[in-house]
Amino acid sequence: DISNLSTPTMVGSVVSGGGACGIDISVRGKYAYISTTLQNGALYVYDVSNPVAPTLVNTFLNGNGRSVHIDGSYLYAGTSNGFNIFDISDPLNITTAFTTVTALGKVAVAGRYGYSAAADSFNVIDISNPASAVVVGTVAGISGTANVPAIQGRYVYVTSTTNLYVVDVSVDKSSISSNLNLLLYT
């Protein structure tokens, strides 16, 4: 409860069990989606309509989860198994809309593009049709463990264990592989 910002109050919690380590969370409506590293990675779906007693309503294997982002009826997940798009229009019956076989790491979404950072590259994915998403651009050279990208205007910011990267994504996406500009700050 943050109705009084000077004294926030814990109103509820739940033990995820099974040794799951929550990596990232995204909330849509009355559901919280938590990406975990449990077993082969699971997406936990909690009904949080009663914040005092969140209730687990679904578990969906999604590969060693790294990040989750919700846009409309789709959940975008960066996992060790690739860039995944899940249809969450029915949180009790999640379906896979798209997955790559390449581990693309952590994700952020803006408009018709998903942005993914991994240990060695930055990728731009056209997600305008979630069932047939396609990588439209890649920049190599990310060193260290990359974190979730942040988007501001024409730039996507990515931090790693060693650097801050700024990627200009304002260029024509159809020729993005050769035109992306990568600025490095150490």
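Please read all numbers here as calculations on a predicted model, not as lab measurements.
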S.K.: Does any N or O in the side chain of Asp24 come within less than 3.5 Å of the main-chain N or O of Val68, such that one atom is a donor and the other an acceptor?
M.R.: yes
S.K.: Out of curiosity, Ile125 CD1 to Tyr115 OH, how far, rounded to the nearest 0.5 Å?
M.R.: 9.5 Å
S.K.: Which heavy-atom pair separates Ala108 from Pro149 by the least distance, and what is that distance?
M.R.: CB-O, 3.4 Å
S.K.: Using every non-hydrogen atom in the two residues, find where Ile127 and Gly111 come nearest and quote the distance to one decimal.
M.R.: CD1-O, 4.0 Å
S.K.: Do side-chain atoms of Asp87 reach the backbone of Ser89 as a donor and acceptor pair under 3.5 angstrom?
M.R.: yes
S.K.: At what distance, to the nearest 0.5 angstrom, does CG of Asn84 lie from CZ of Phe98?
M.R.: 8.5 Å
S.K.: Determine the minimum heavy-atom distance between Ser49 and Pro51, stating which atoms define it.
M.R.: O-CD, 3.3 Å
S.K.: Would you say that Leu56 contacts Val14 through its side chain, given a criterion of any heavy-atom pair below 4.5 Å between the two side chains?
M.R.: no
S.K.: Would a 4.5 Å heavy-atom cut-off, applied to side chains only, mark Tyr113 and Asp126 as touching?
M.R.: yes
S.K.: Centroid-to-centroid, Tyr165 to Phe122, below 6.0 Å?
M.R.: no
S.K.: May I have the list of side-chain donor-acceptor pairs in residues 90-97 shorter than 3.5 Å, sequence neighbours left out?
M.R.:
| residue | atom | partner | partner atom | Å |
| --- | --- | --- | --- | --- |
| Asp90 | OD1 | Leu92 | N | 3.1 |
| Asp90 | OD2 | Asn93 | ND2 | 2.8 |

S.K.: Indicate the atoms forming the closest heavy-atom contact of Ser67 with Ser35, along with that distance.
M.R.: N-OG, 4.5 Å
S.K.: Nearest 0.5 Å, what's the CD1-NE2 distance between Ile85 and His69?
M.R.: 11.0 Å
S.K.: Between atom CG of Asn123 and atom OG1 of Thr138, what is the distance when rounded to the nearest 0.5 Å?
M.R.: 4.0 Å
S.K.: Using a 4.5 Å cut-off on heavy atoms from C-beta on, say whether the side chain of Asp168 contacts that of Tyr155.
M.R.: yes
S.K.: Does Asp47 offer a backbone N or O that forms a donor-acceptor pair with the side chain of Thr55 under 3.5 Å?
M.R.: no
S.K.: In Å, rounded to the nearest 0.5 Å, how long is the span from CG of Asn58 to CD1 of Ile88?
M.R.: 11.0 Å
S.K.: For the residue pair Tyr76 and Asp71, establish whether any side-chain heavy-atom pair is separated by less than 4.5 Å.
M.R.: yes
